[in-house]
Q: 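Sending over a structure as structure tokens; questions will come in a sec.
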There are 2 protein chains.
Amino acid sequence: MTSRTAAPRQVRRPSRSQAAGRDHLSLRVWLRLFSCSTLVAARVSSALKREFGSSLARFDVLSQLYREPEGLRMGELSTRTLTTGGNITWLVGALEQDGYVTRSTASEDRRASRVSLTAAGRRHFALMAQAHERWIVEMFSALSAAEQRAMYEALGTAKQGMTSARIP
Amino acid sequence: MTSRTAAPRQVRRPSRSQAAGRDHLSLRVWLRLFSCSTLVAARVSSALKREFGSSLARFDVLSQLYREPEGLRMGELSTRTLTTGGNITWLVGALEQDGYVTRSTASEDRRASRVSLTAAGRRHFALMAQAHERWIVEMFSALSAAEQRAMYEALGTAKQGMTSARIP
DNA sequence: AGGGAATACTTGATATTTGAAGTAATCTTT
DNA sequence: AAAGATTACTTCAAATATCAAGTATTCCCT
């Protein structure tokens with residue numbers, strides 16, 4: 001496994017000479033990335049709704065919480081899922097209604113609230129995650145393990161570059 | 001369970017263990033793919049709104065039309081942008097209001113309507129597309145041309161696999 | 001200490017998206 | 001040629017998401 005991410009790379013600026021060809025390429029990569037992602041998301045979304053009466057957004061929130069036994073703050077959830085604060089409030093409210101999460105004022109800062117999974121939420125998520133993984137494996141089955149590894153690394157590099165450099 | 005060979009006790013079932021590894025990998029690829037895509041989409045979205053008072057969905061529709069001088073039917077737009085028919089009706093309605101597209105009943109099938117860009121729409125899109133390409137190039141600048149090419153190919157394979165086999 | 005800035009979240013108005021049901025035109029079959 | 005299916009799109013209500021403004025709490029500076 002090449003340690004691509006070990007040494008953070010500097011963000012390259014395309015030089016004039018190679019710009020045209022590369023620009024075009026970046027754009028094509030993005031278009032495929034976007035359409036691939038949208039396609040998978042659409043299928044997962046509809047399957048989650050059909051099988052569990054849930055949604056991708058809810059699943060995303062639950063999966064963040066699943067990894068954090070201590071729970072997370074609203075703000076942290078908002079950052080990680082890349083949705084607005086208002087929406088997180090709404091989502092967590094709905095999940096709370098369903099009994100999958102609990103909210104409690106953080107002891108160290110009474111402005112903040114700490115959200116965590118209930119036992120039911122944990123159970124519910126585990127069930128969905130299992131199905132979710134099956135679907136994903138199926139959907140990516142056209143790619144070899146080597147291709148998947150390469151893609152995983154490249155995506156890591158790309159994301160790293162985007163978050164370290166403030167773009168745009 | 002009778003085994004004819006004296007297999008070592010703790011040997012792992014090869015297919016199973018391999019599968020487990022791959023499954024995990026697919027999932028990781030998807031998570032990165034999704035978060036990368038969401039990140040770029042969020043940034044492009046907000047930049048499009050800030051700079052042009054537009055949105056990614058509108059941009060997507062316009063870009064499909066830009067490539068088709070003959071225009072497209074609503075259904076075709078819906079398929080290509082992966083959004084529901086109702087939403088396309090709404091989006092095209094809004095773009096029509098703004099004077100960027102026109103709708104006309106298709107001559108060959110009077111149920112269908114053919115949407116195409118107006119001159120203003122073409123101008124508007126060209127302007128946005130230029131900025132859009134700059135942003136994208138910047139955002140993917142952490143990836144070398146070779147990495148981008150590999151990613152492009154892999155995404156093509158993945159998408160191909162997803163659309164040919166009907167999964168899930 | 002104590003007033004202003006910053007932070008963490010919620011709220012309410014508004015925008016966008018979906019999904020299901022409805023309308024009109026076309027195709028199929030008899 | 002006419003009923004019945006199918007297709008292409010629209011409509012409308014409900015679900016979901018955003019944005020800006022509001023509240024409460026904490027931080028910072030003098």
Side-chain angles (χ1 to χ4, degrees), chain A residues 37-39 41-62 64 71-98 101-116, chain B residues 38-39 41-62 64-65 71-98 101-116:
Chain A
S37 171
T38 309
L39 184 56
R43 293 194 182 185
V44 168
S45 241
S46 102
L48 280 175
K49 170 161 293 178
R50 182 165 28 78
E51 314 263 329
F52 301 99
S54 191
S55 77
L56 194 48
R58 289 161 67 102
F59 181 77
D60 201 5
V61 168
L62 293 178
Q64 296 300 336
L72 285 171
R73 291 176 171 207
M74 302 294 276
E76 188 61 24
L77 272 175
S78 174
T79 309
R80 296 202 193 184
T81 59
L82 284 171
T83 57
T84 59
N87 196 25
I88 286 294
T89 298
W90 187 83
L91 277 166
V92 168
L95 289 168
E96 197 176 27
Q97 287 272 311
D98 293 351
V101 306
T102 14
R103 223 181 318 197
S104 60
T105 323
S107 49
E108 72 282 10
D109 182 345
R110 293 193 310 144
R111 287 171 305 182
S113 51
R114 185 157 289 283
V115 187
S116 38
Chain B
T38 309
L39 183 57
R43 293 196 182 185
V44 168
S45 244
S46 103
L48 280 175
K49 169 163 293 178
R50 182 166 27 80
E51 314 262 327
F52 301 99
S54 191
S55 78
L56 194 48
R58 289 163 65 103
F59 182 76
D60 201 5
V61 168
L62 293 178
Q64 296 300 334
L65 294 174
L72 284 170
R73 290 175 171 208
M74 302 294 277
E76 188 60 24
L77 272 175
S78 174
T79 308
R80 296 201 192 183
T81 59
L82 284 171
T83 56
T84 59
N87 195 25
I88 286 295
T89 297
W90 187 83
L91 277 166
V92 168
L95 290 168
E96 196 176 28
Q97 288 270 311
D98 293 351
V101 306
T102 14
R103 222 182 318 199
S104 59
T105 324
S107 49
E108 71 283 11
D109 182 345
R110 292 192 313 145
R111 287 170 305 180
S113 51
R114 183 157 290 282
V115 187
S116 38

Q: In terms of side-chain heavy atoms of A/Ala112, which of C/dA8, C/dT17, D/dC9 is nearest?
A: C/dA8
Q: Would you indicate which nucleotide in C/dC9, C/dT18, D/dC9 comes nearest to any side-chain atom of B/Arg73?
A: D/dC9
Q: Hey, does B/Thr102 have a side-chain heavy atom less than 4.5 Å from the side chain of B/Ser116?
A: yes
Q: D/dT26, C/dA25, D/dC9: which one has an atom nearest the side-chain heavy atoms of B/Thr89?
A: D/dC9
Q: Please determine which of B/Leu77, B/Thr79, B/Val115 meets the side chain to side chain contact (heavy atoms under 4.5 Å, CB included) test together with B/Gln64.
A: B/Leu77
Q: Nearest whole Å is fine: how far is C/dA20 C1' from A/Lys49 NZ?
A: 12 Å
Q: Whole Å only: how far is the CZ atom of A/Arg110 from the P atom of D/dT26?
A: 5 Å
Q: Whole Å only: how far is the CD1 atom of A/Ile88 from the C1' atom of C/dC9?
A: 12 Å
Q: Taking the side chain of B/Ser113 as its heavy atoms from C-beta onward, which of D/dC19, D/dT10, D/dT25 lies nearest to it?
A: D/dT10
Q: Could you state the CZ-P distance from A/Arg50 to C/dG19, rounded to the nearest angstrom?
A: 11 Å
Q: Counting only side-chain heavy atoms from C-beta out, which of C/dT26, D/dT18, C/dA6 sits nearest to A/Arg111?
A: C/dA6
Q: In whole Å, I'd like the distance from the CD atom of B/Glu76 to the C1' atom of D/dA8.
A: 13 Å
Q: Can you identify which nucleotide, out of D/dC9, C/dA8, C/dT18, has its nearest atom closest to the B/Asn87 side chain?
A: C/dT18
Q: Whole Å only: how far is the CG atom of A/Leu82 from the P atom of D/dT16?
A: 19 Å
Q: Of all the choices, C/dT17, D/dA8, D/dT16, which nucleotide is nearest to the side chain of B/Trp90 once you look at every atom?
A: C/dT17
Q: To the nearest Å, give me how far apart CG (A/Leu91) and P (C/dC9) are.
A: 15 Å
Q: Check this for me: B/Glu108, atom CD, are more than 12 non-hydrogen atoms of other residues, nucleotides or ligands nearer than 6.0 Å?
A: yes
Q: Pick the closest DNA chain D nucleotide for A/Ser55 and for A/Ser107 by heavy atoms, then say which residue is nearer the 5' end.
A: A/Ser55
Q: Output the rounded distance in Å from CG (A/Asp109) to P (D/dT26).
A: 6 Å
